[in-house]
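This report concerns only the one structure given below.
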Amino acid sequence: MILPLNLGEQGYDIVVERGALSKIGEYINLNRKVLILTDSGVPEEYANTVKNMCQDGYIYVVSQGESSKSLENYQKILSFMVEKSFTRTDALVSVGGGVVGDLGGFVASSYMRGIDFYNVPTTLLSQLDSSIGGKVAVDLDGVKNIVGAFYQPKKVLIDSNTLKTLDSRQKMAGLCEGIKMAATSNSELFELIENSTNLDSDLEKIIIEGLKIKRDVVEKDPREKGLRRVLNFGHTIGHAIESNQGLGGLLHGECVGLGMLYMCSEEVKARLESVLKKYNLPTKIDTDSDILLSYIKRDKKAKGDKITIVYVPKIGTFELRDVQINEIKKYLNGGIF
Ligand SMILES: NC(=O)c1ccc[n+]([C@@H]2O[C@H](COP(=O)([O-])OP(=O)(O)OC[C@H]3O[C@@H](n4cnc5c(N)ncnc54)[C@H](O)[C@@H]3O)[C@@H](O)[C@H]2O)c1
């Protein structure tokens, strides 16, 4: 299936097809220099498959993990491209999860003021969410995504066969982003996830429906000035939980799952809790609300002492609420519905 993302000149196709990776040459012009960016945790065969179809391809491997989204790697990759004489008409293909997608996209956005960028996401989180929408970035001084750009890929190729090698915890954490989108925007998708008896066979449908939600939001608000904030459901408290426990604790998706539980009605909370438990995702965290609030105050989405939160009163609907940051304590303590 091809999902077009309409953004005028910056629009592109999202190809969702089992086996698409082995046919990548049919979708992307590989008859030029191609930098294939991957990480040490992504099975080598995926990057090799791309390289074998390239006329002049180079695989660049960074270490797996969030710490690779660094200015140091950004510079090293750029230097490598200078050394190999990449020109403005050459291309970069990221093959891996959100880490290499965000890093590769940022490199492509600035090498010679921008070269063609293609994303081949291989985690559920990146297939459902991070590979589309054009947010590319690296982290700096412990602050996630603080240096980056909006830079849309030329094409996104989603091959759900690559998920076969992904470990179950990563898959479930990625599913949280699907649960997030369904909770705010598509009650049927929520029911599909809630009632699925064979997740693997339902995954492609979940990915397509999740992508449609994100695609529609990105088309209406490409630079996150308003509506696109709906994608942050669960993120205000989720990020605080993530920052508080540091790297190596809960995964991003797991934190988002926990964060959603505070920003919804009792009825929605009960359904969310039950779906998170079904997929072995955490539903409880033992952290002081004052500590979480101190991280929310540092959230880069805060404006002065206010922040916009996404609240779900009923599955498939949402409200954007501008609240005082101190007021979030009431949500953390379960007092606002
Ligand atoms: N740009 C956006 O809009 C956006 C949205 C959400 C998240 N993000 C970013 O995405 C990143 C997280 O992405 P992620 O969850 O994909 O993590 P990730 O890229 O770190 O991948 C998770 C792990 O899975 C491994 N892996 C990847 N594909 C695999 C496969 N097919 N088989 C086996 N192992 C595989 C990786 O090596 C890594 O160890 C964060 O940096 C976050 O900030 C970006």
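Along the sequence shown, residues are numbered consecutively beginning with 1. Note that ligands are numbered from 1 as they come in the structure, with each ligand's atoms numbered from 1 the same way.
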Taking both backbone and side-chain atoms of S40, is any N or O found less than 3.5 Å from an N or O belonging to ligand 1?
no
Quick test: of every protein heavy atom, which one is nearest to atom 36 (C) of ligand 1, and how far off is it to 0.1 Å?
D39 OD1, 3.6 Å
Taking all atoms of both residues into account, what is the closest heavy-atom pair of T165 and P43, and its distance?
OG1-CG, 3.6 Å
If you count the atoms of ligand 1 from 1 in the order shown, which ones are under 4.0 Å from a heavy atom of E66?
40 (C), 41 (O)
Is the distance from the ring center of Y74 to that of F106 below 6.0 Å?
yes
Shortest reach to atom 24 (O) of ligand 1 by a heavy atom, considering only L166, L231, V256:
L166
Could you check, using the six-membered ring where one of them is a Trp, whether Y60 and F80 have ring centers closer than 6.0 angstrom?
yes
Quick check against the 3.5 Å criterion: does T184 have a side-chain atom that pairs as donor or acceptor with the backbone of M181?
yes
Below 3.5 Å, N or O to N or O, backbone or side chain included: is there any such pair between E177 and ligand 1?
no
Quick one: list whatever passes salt bridge (charged side-chain N to carboxylate O under 4.0 Å, His left out) with E194, sequence neighbours left out.
R271
Anything under 30° is parallel, anything over 60° is perpendicular, the rest tilted; go ahead and classify H252 against H239.
tilted
May I ask you to check whether S126 has an N/O atom sitting below 3.5 Å from an N/O atom of ligand 1?
no
Backbone or side chain, does any N or O of H252 fall under 3.5 Å from an N or O of ligand 1?
no
Could you walk me through whether E327 and K330 satisfy the salt bridge (Lys or Arg N to Asp or Glu O under 4.0 Å) test, starting with their C-alpha distance in whole Å, then the side-chain angles of each, then the deciding distance to 0.1 Å, before giving a yes or no?
CA-CA 6 Å; E327 210 186 316; K330 293 189 197 148; 5.4 Å; no
Protein contact of atom 34 (N) of ligand 1 - nearest heavy atom, named by residue and atom, plus distance
G41 O, 3.4 Å
Taking 4.0 angstrom as the limit, do D305 and K297 come out as a salt bridge?
no
Please name all residues satisfying salt bridge (charged side-chain N to carboxylate O under 4.0 Å, His left out) with D102, sequence neighbours left out, ordered by chain then number.
K69
Tell me: protein heavy atom nearest atom 16 (O) of ligand 1, and distance?
T123 OG1, 2.6 Å
Record the part of K135 in heavy-atom contact with ligand 1 below 4.0 Å; permitted values are side chain, backbone, both and neither.
both
Taking non-hydrogen atoms only, is T165 closer than 4.0 angstrom to ligand 1 via side chain, backbone, both or neither?
both
Measuring from atom 8 (N) of ligand 1, which candidate in G98, S130, G174 has the nearest non-hydrogen atom?
S130
For atom 39 (O) of ligand 1, find the nearest protein heavy atom and state the residue, atom name and distance (0.1 Å precision).
Q64 OE1, 2.6 Å
At a non-hydrogen distance cut-off of under 4.0 Å, which region of L163 contacts ligand 1 (side chain, backbone, both, or neither)?
neither
With respect to D129, determine whether any N or O atom, backbone or side chain, lies less than 3.5 Å from an N or O atom of ligand 1.
no
Going by distance only, is there an N or O of D167 that falls short of 3.5 Å from an N or O of ligand 1?
no
Heteroatom distance test (D102, ligand 1): nitrogen or oxygen, under 3.5 angstrom:
yes
Does K214 approach ligand 1 within less than 4.0 angstrom via side chain, backbone, both or neither, non-hydrogen atoms only?
side chain
Tell me whether ligand 1 is touched by G96 - counting only heavy atoms on the residue side and a distance under 4.0 Å.
no
Which of the atoms in ligand 1, numbered in the order shown and given with their element, are less than 4.0 Å from a heavy-atom of T162?
30 (C), 31 (N)
As a check for students: among V42, V99, L124, identify the option with a heavy atom nearest to atom 20 (O) of ligand 1.
V99
Using distance alone, determine whether R228 and ligand 1 share an N or O pair under 3.5 Å.
no
My understanding is that only one of T162, T122, N119 makes a side-chain hydrogen bond (donor to acceptor under 3.5 Å, both in side chains) with Q127; could you say which?
T162
Taking non-hydrogen atoms only, is P43 closer than 4.0 angstrom to ligand 1 via side chain, backbone, both or neither?
side chain
Under 6.0 Å between ring centres, would you say that holds for Y27 and Y118?
no
Atom 43 (O) of ligand 1: which protein heavy atom is closest, and how many Å away?
K69 NZ, 3.0 Å
State whether K135 and E224 are salt-bridged, where the test is any N-O pair (Lys NZ or Arg NE/NH1/NH2 against Asp/Glu carboxylate O) under 4.0 Å.
yes
